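Read through the structure below, which is laid out as structure tokens, and then see the notes.
Please read these numbers as outputs of a predicted model, since none were measured by experiment.
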Amino acid sequence: MTSAFSSAFSSASPPEAPPAAHAPPSNPLPRVLVLWCPDWPVVAARQHEKLPSDVPLVLIEKGLVFAASASARAEGISRGLRLREAQSRFPGLIDRAYDPALDSRAFEPVIAGIEELIPGVQLLRPGMCAVRVRGAAQYYGGEKAAALTVIDRVNEISTSDARVGIADALFTAVQAARSTVGADPRSRSGQARIVPVGRAAQFLEVLPISVLDEPQIATLLIKLGISTLGDFAQLGHTDVRTRFGELGARLHSLASGRDPQTFIARTPPLDLDVVIDFEPALDRVDQVAFGVRSRADDFIDALVRAQLVATAIRVELDSESGEIAERVWLHPRSFSSTDVVDRVRWQVQGSNLIEAGLSSGISRVRIVPETVEAIGNHETGLWGSGLEPRIHHGLSRVQSMLGHGAVLMPTLQGGRTLQSRQQLTAWGDRSLSERSAQRPWPGALPAPLPGTVFSSRHAVHVFAHDGSTVSVDERGQVAAAPTSFATSDSRSRALTAWAGPWPLAERWWEAGTTGPSWRFQAVDDTGCAWLLVLDDGGWWAEARYD
């Protein structure tokens, strides 16, 4: 079958030996160790939620199962299932939203732990990394000893079932690590697989073609009778390149035990975190703020030395009883040491040690630069930046005296009603709207919008020419034309024009919903236009067109 396949694309080239001019060069990479933590998204989520290891947990992305724990898979739950179907198969299932940032954040201590043993770690993805093993093998007494040392170190840091593969190339080492699935987790030697030098092709030849992770090419090869990497490797390299292009040529090199990927070791990130321990624990806001002040200066100085500024920081509060409360604080420009102290004080003051979930005094404060940017992007211009620094200083001063929520900024978000489109954000925080204003909102009031939207709508009475209250039936028919309306202070306004009604029915499926709201636009005798709403049998003035 392989000979017939090769001759179909190049009858002039013998399939068993590609021309030397087109043959890929031998792999110059040294031996590679790959660490793989199976089900890492589940492990990271379980550690973050502090859930038991045997809990049936699934992570959901876009309504589908992204990852499932071993206990969930035992109940027939697999990746790609809809959440409702997964819950029907196992009602006791625990589901959480998949957070890729959590994967990376949780894997960082694992990488740091490996770098303490072997420098030059390359991150492949959260849950998998690689490192050159030659030096470690000489130091620890062999590749097997180095692999077991890495496994022991990872198991100390994380609750994952670490696996290690060692081979001549990166792809082969990854497959070697994956081949340990099914080994007894209590056997340390079974958690590592070492492919001898020069034996990569023999190790890979029995693996299914699906491990290349290219479904389209794998499906076509299976239809042609090529089901293993060994069958694929027997094809001529030039023939594969001609038929499948550069992607097919790269996959053919992988199947043959040659990995063209360059090994790129990461540069360890700077440790810019600041940790302040309190002994004994403190339960007063001023004491915590005073204790943080000097270290906040060190925190900002370290960022400046690294030519960075922080636009977002994460403040973690550890209580004496072991509880943790954290919050991410944002800044419209960049943090100064005073801003850092203010955020710590506001978090402690706003939580009052109870609202944040802490029931005892604070024993530790940790400040982490969540988002950093180059300092050059935040330098003041040659002639200054106008009034903005003074405005920021003044509003920040008001916050420091009255609290974080004392100064609010209005922002626009998505919604159908004028009230739902308003969002108030504390000064210094970025607006993180849950409803995008760019999405279509059927039934929303079209432009031009009212210039003044009342913080709470005012009750009014709308009358017809005979003095009766204007009503609307369920079919949207107005009982009588509105001619005037009166506010709560009994001031009456004659109406010279009106339009409507426009219905708005939100969440009609919920119990207790009273029915649609009817919106009217009306102009009074002074020329002022109003947005009037008939809702639940009562009339309201919701906004004014200025």
query: Salt bridge or not for D39 and R73, using N-O below 4.0 Å?
result: yes
message: Just so I know, are the side chains of V131 and L117 near enough to count as touching, which here means a heavy-atom distance under 4.5 Å?
response: no
message: Test side-chain contact (heavy atoms from CB on, under 4.5 Å) on D103 and Y98; report intermediate values, then the result.
response: CA-CA 9 Å; D103 288 359; Y98 172 61; 2.9 Å; yes
message: Do the side chains of R153 and E116 get close enough for a salt bridge, i.e. N-O under 4.0 angstrom?
response: yes
- request: Please indicate whether R125 has more than 12 foreign heavy atoms, meaning atoms of other residues, nucleotides or ligands, lying under 6.0 Å from its CZ.
  value: yes
message: Testing the basics here: between D168 and P196, what is the closest heavy-atom pair and its distance to 0.1 Å?
response: OD2-O, 4.1 Å
query: With a 4.5 Å heavy-atom cut-off, do R31 and R132 have their side chains touching?
result: no
message: Go through it in stages, so that I can follow the logic: the residues are D161 and Q191, the test is side-chain contact (heavy atoms from CB on, under 4.5 Å), and I'd like the CA-CA distance, side-chain angles, deciding distance and then a yes or no.
response: CA-CA 8 Å; D161 182 18; Q191 296 176 339; 3.2 Å; yes
message: Could you check whether any side-chain heavy atom of L317 comes within less than 4.5 Å of a side-chain heavy atom of R327, counting everything from C-beta outward?
response: no
task: Mind listing the closest non-hydrogen atom pair of A72 and L57 along with its distance?
output: CB-O, 4.0 Å
- request: Determine whether Q347 and V344 make a side-chain contact, defined as any pair of heavy atoms from C-beta on separated by less than 4.5 Å.
  value: no
task: Take the angle between the ring planes of H252 and F232 and call it parallel below 30°, perpendicular above 60°, tilted in between.
output: perpendicular
query: Under a 4.5 Å cut-off applied to non-hydrogen side-chain atoms, are I217 and L212 in contact?
result: no
query: If you measure from SG on C129 to CG on L35, what distance do you get to the nearest 0.5 Å?
result: 4.5 Å
- prompt: Considering all heavy atoms of both residues, which atom of S253 and which atom of H237 are nearest to each other, and what is their separation?
  reply: OG-CE1, 3.5 Å
query: Of all heavy-atom pairs between A86 and V65, which one has the smallest distance, and what is that distance?
result: CB-CG2, 4.1 Å
task: Would you indicate whether the side-chain heavy atoms of L102 and R105 approach each other to under 4.5 Å?
output: yes
query: For W518, which residues count as a ring-ring contact (aromatic ring centres under 6.0 Å, His included) partner, sequence neighbours excluded?
result: none
field: Whether T172 side chain and G257 backbone form a donor-acceptor pair below 3.5 Å
entry: no
query: Judged by atom type as modelled, is there a donor-acceptor pair below 3.5 Å linking the side chain of S517 to the main-chain atoms of D535?
result: no
- request: May I ask you to check whether over 12 heavy atoms, not counting those of E474, lie within 6.0 Å of atom CD?
  value: no
- prompt: If you measure from CD1 on I166 to CD on E143, what distance do you get to the nearest 0.5 Å?
  reply: 5.0 Å
message: Are the side chains of D95 and Q87 in contact, using a 4.5 Å heavy-atom criterion?
response: yes
message: Using side-chain heavy atoms (C-beta onward) and a distance below 4.5 Å, is E205 in contact with T228?
response: no
task: State the CD1-CG distance between I60 and L81, to the nearest 0.5 angstrom.
output: 9.0 Å
query: In Å, rounded to the nearest 0.5 Å, how long is the span from CD of Q122 to CD1 of I111?
result: 10.5 Å
message: Please check: side-chain N/O of W36 versus main-chain N/O of R178, any donor-acceptor pairing under 3.5 Å?
response: no
field: Lys/Arg N to Asp/Glu carboxylate O, R89 vs E85, below 4.0 Å
entry: yes
- line: Shortest non-hydrogen pair, P56 vs F90, comes out as CG-CE2, 3.2 Å
field: ring-ring contact (aromatic ring centres under 6.0 Å, His included) partners of W539, counting only residues at least two apart
entry: F520
message: Testing the basics here: between W40 and S158, what is the closest heavy-atom pair and its distance to 0.1 Å?
response: CZ3-OG, 3.5 Å
message: Is it the case that the side chain of E214 and the backbone of L251 share a donor-acceptor pair, with hydrogens and angles ignored and the cut-off at 3.5 Å?
response: no
message: Tell me whether R366 is salt-bridged to D273, with the criterion being a basic N under 4.0 Å from an acidic carboxylate O.
response: yes
query: Roughly how far apart are S256 OG and L235 CG, rounded to 0.5 Å?
result: 9.0 Å
Distance (rounded to the nearest 0.5 Å) between F171 CZ and L229 CG: 5.5 Å
message: Determine whether a donor-acceptor pair (N or O, by modelled atom type, separation under 3.5 Å) exists between the side chain of T180 and the backbone of R193.
response: no
